[in-house]
Amino acid sequence: MFLKNTWYVAAWDQEVGRELKPVTILGENVVLYRKQDGQAAALEDACPHRKLPLSMGRIKGDDVECGYHGLTFDCSGACTRVPGAERIPHVAKVRSYPVHERYGLLWIWMGDAEKADPDEIFAVEHFGDPAWGINRGESMTLNCNYLYMTDNLLDPSHVAWVHQSSFASSACEETPLETTVKDDGVTVWRWMIDSEPAPFYAPFLQFEGNTDRKQHYEVRYPSNAIIKAIFAPAFTGGEGKTLPDNTFLMDSYNFMTPVDENRTKYYWFQMRNFAPDDPAVSASFAKSVRGAFEEDRVVLEAVHHGMANKQTPNLDLKIDVGPLRFRRKLAQLIAAEAESQPVSQAAE
């Protein structure tokens with residue numbers, strides 16, 4: 001089950017041009033393309049005649065022509081041509097999806113088009129700030145349900161075992177976690193005082209010695225996250241404190257788009273409060289982050305398989321409080337959305 005009245009990432013903006021790009025989102029087949037003025041469009045990827053994917057057709061001006069019998073549809077989904085027919089049948093139409101570009105990403109609204117508000121797209125602090133560097137992320141498809149990924153992004157403790165060569169330090173194993181629940185999502189966080197810097201971050205710190213480190217893992221409904229890494233000199237950090245000027249800050253933005261119940265498309269980028277114009281630093285960050293996410297992929301795909309084929313009940317631990325509260329609230333939102341839909345729409 002998925003929440004539909006929300007924005008999901010459909011693609012990086014540079015991935016969509018004057019060619020038809022098929023994607024699957026929430027189990028629905030969609031075709032993306034750009035009109036002649038550069039604006040992006042998204043249509044149901046199925047001609048209503050024999051359901052051939054429109055992505056197997058061609059772009060004609062701002063319209064899409066089916067590659068089977070030439071039925072043509074504009075960016076609103078209305079049929080503009082049926083070759084050989086005296087009139088266009090009133091049912092000759094496809095669904096059109098609202099799309100919006102922001103942060104170098106193409107966002108799509110999968111629910112009621114009238115409720116699509118671009119102001120509700122996940123806000124990225126410091127985007128466009130010349131004092132902050134950015135390493136543009138990539139994307140990968142994971143063979144797992146998206147909720148295992150939100151579980152993972154609400155679980156700082158896994159770092160100690162999955163990311164030992166990159167994000168981990170000894171303090172990651174035992175320091176207790178705090179959980180904050182808000183209307184728009186859940187945050188799991190902790191300060192680790194006077195601990196050694198993690199291998200990934202150590203080369204970029206502007207001070208020597210141990211650190212006060214904050215792990216801030218925040219996931220918003222249904223599947224967008226910001227992971228904040230904060231490193232300050234030992235005994236200068238802590239909740240509510242004014243941090244020194246040489247504090248290291250990195251915000252990692254993570255967007256999970258369910259392909260279907262068993263696959264998830266993962267998009268990300270990181271922002272940092274130093275070296276804004278240094279491509280070498282950006283390249284180093286991108287390479288290391290990709291490596292860490294590949295470590296996550298191996299674990300999460302195995303978890304998905306294990307949970308799908310479990311012979312005995314799984315065990316929840318104290319560290320699962322954040323993920324479980326997130327899942328519970330999201331399930332309530334999905335159920336409430338389904339109840340509010342007309343019977344014919346809810347049955348689709």
Side-chain angles (χ1 to χ4, degrees), residues 2-26 28-45 53-55 58-64 73-78 94-130 132-141 146 184-185 219-227 251-259 264-272 276 282 286 289:
F2 307 111
L3 194 67
K4 294 194 173 184
N5 285 319
T6 190
W7 293 98
Y8 292 95
V9 174
W12 288 101
D13 57 3
Q14 73 270 15
E15 293 179 319
V16 181
R18 291 288 289 168
E19 295 183 356
L20 298 171
K21 179 179 177 61
V23 296
T24 303
I25 300 172
L26 312 191
E28 299 180 26
N29 294 323
V30 177
V31 59
L32 307 172
Y33 69 102
R34 290 190 185 277
K35 299 185 293 181
Q36 295 174 97
D37 64 2
Q39 293 294 309
L43 297 175
E44 175 187 355
D45 194 14
L54 289 178
S55 56
R58 58 196 62 83
I59 297 174
K60 289 292 188 71
D62 287 345
D63 299 349
V64 177
F73 303 87
D74 65 19
C75 61
S76 74
V94 294
R95 183 179 177 188
S96 174
Y97 300 82
V99 290
H100 191 81
E101 293 187 59
R102 189 171 295 174
Y103 314 129
L105 296 163
L106 183 64
W107 299 78
I108 188 168
W109 184 272
M110 299 299 293
D112 183 350
E114 294 183 355
K115 296 181 179 179
D117 182 358
D119 289 341
E120 295 182 4
I121 291 174
F122 193 101
V124 176
E125 188 179 7
H126 303 299
F127 194 90
D129 185 338
W132 282 64
I134 182 171
N135 57 283
R136 300 262 177 204
E138 303 177 50
S139 63
M140 64 169 68
T141 299
Y146 74 106
D184 61 351
V219 184
R220 311 260 184 87
Y221 306 117
S223 53
N224 299 319
I226 175 173
I227 310 303
D251 296 343
S252 178
Y253 290 89
N254 306 262
F255 308 106
M256 286 72 67
T257 300
V259 176
T264 306
K265 194 67 178 287
Y266 187 19
Y267 301 85
W268 70 85
F269 60 82
Q270 283 76 38
M271 301 191 66
R272 60 184 185 272
S282 294
V289 169

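The first residue in the sequence is number 1, and the count goes up from there. These numbers come from the heavy atoms of this one structure, side chains and all, not from hydrogens, waters or symmetry mates. Please read all numbers here as calculations on a predicted model, not as lab measurements.
Interatomic distance, CG of Asn5 versus CG of Asp117, reported as 12.0 Å (0.5 Å rounding). Atoms CG and NE2, on Leu106 and His100 in that order, are 10.0 Å from each other to the nearest 0.5 Å. Interatomic distance, Ile25 CD1 to Lys4 NZ, rounded to the nearest 0.5 Å: 12.0 Å. Once rounded to the nearest 0.5 Å, the distance linking CG of Leu105 with CH2 of Trp107 reads 6.0 Å. The line from CG of Asp63 to SG of Cys75 is 7.5 Å long, rounded to the nearest 0.5 Å. Atom CG of Asp45 is separated from atom CG of Leu32 by 9.0 Å, given to the nearest 0.5 angstrom.
Tyr103 places no side-chain N or O within donor-acceptor distance of the main-chain N or O of Phe127, the cut-off being under 3.5 Å. Listed for the Thr257 side chain is no donor-acceptor partner under 3.5 Å among the backbone atoms of Ala10. A side-chain donor-acceptor contact under 3.5 Å links Tyr33 to the backbone of Asp62. For the pair Trp12 (side chain) and Glu138 (backbone), a donor-acceptor distance under 3.5 Å is present. Formation of a donor-acceptor pair under 3.5 Å by the Tyr253 side chain with backbone atoms of Asn224 is not found in this model. A distance-only check finds no donor-acceptor pair linking the side chain of Trp268 to the backbone of Met256 [under 3.5 Å].
In terms of the side chain to side chain contact (heavy atoms under 4.5 Å, CB included) criterion, residue partners of Arg272 (sequence neighbours excluded) are, by chain and number, Asn135, Phe274, Ala275, Val281, Ser282, Phe285. Qualifying salt bridge (Lys or Arg N to Asp or Glu O under 4.0 Å) partners for Lys60, counting only residues two or more places apart in sequence or in other chains: Glu65.
A 4.5 Å side-chain heavy-atom check between Ser223 and Tyr8 finds at least one atom pair inside the cut-off.
Between Phe269 and Phe255, the angle of the ring planes lies from 30° to 60°, which puts this pair in the tilted group.
Evaluation of the side chain to side chain donor-acceptor pair (under 3.5 Å) test over residues 13-25, restricted to residues two or more places apart or in two chains, returns Thr24-Asn29.
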For this session: Test side-chain contact (heavy atoms from CB on, under 4.5 Å) on Glu28 and Phe2 and set out the steps.
Result: CA-CA 11 Å; Glu28 299 180 26; Phe2 307 111; over 6 Å; no
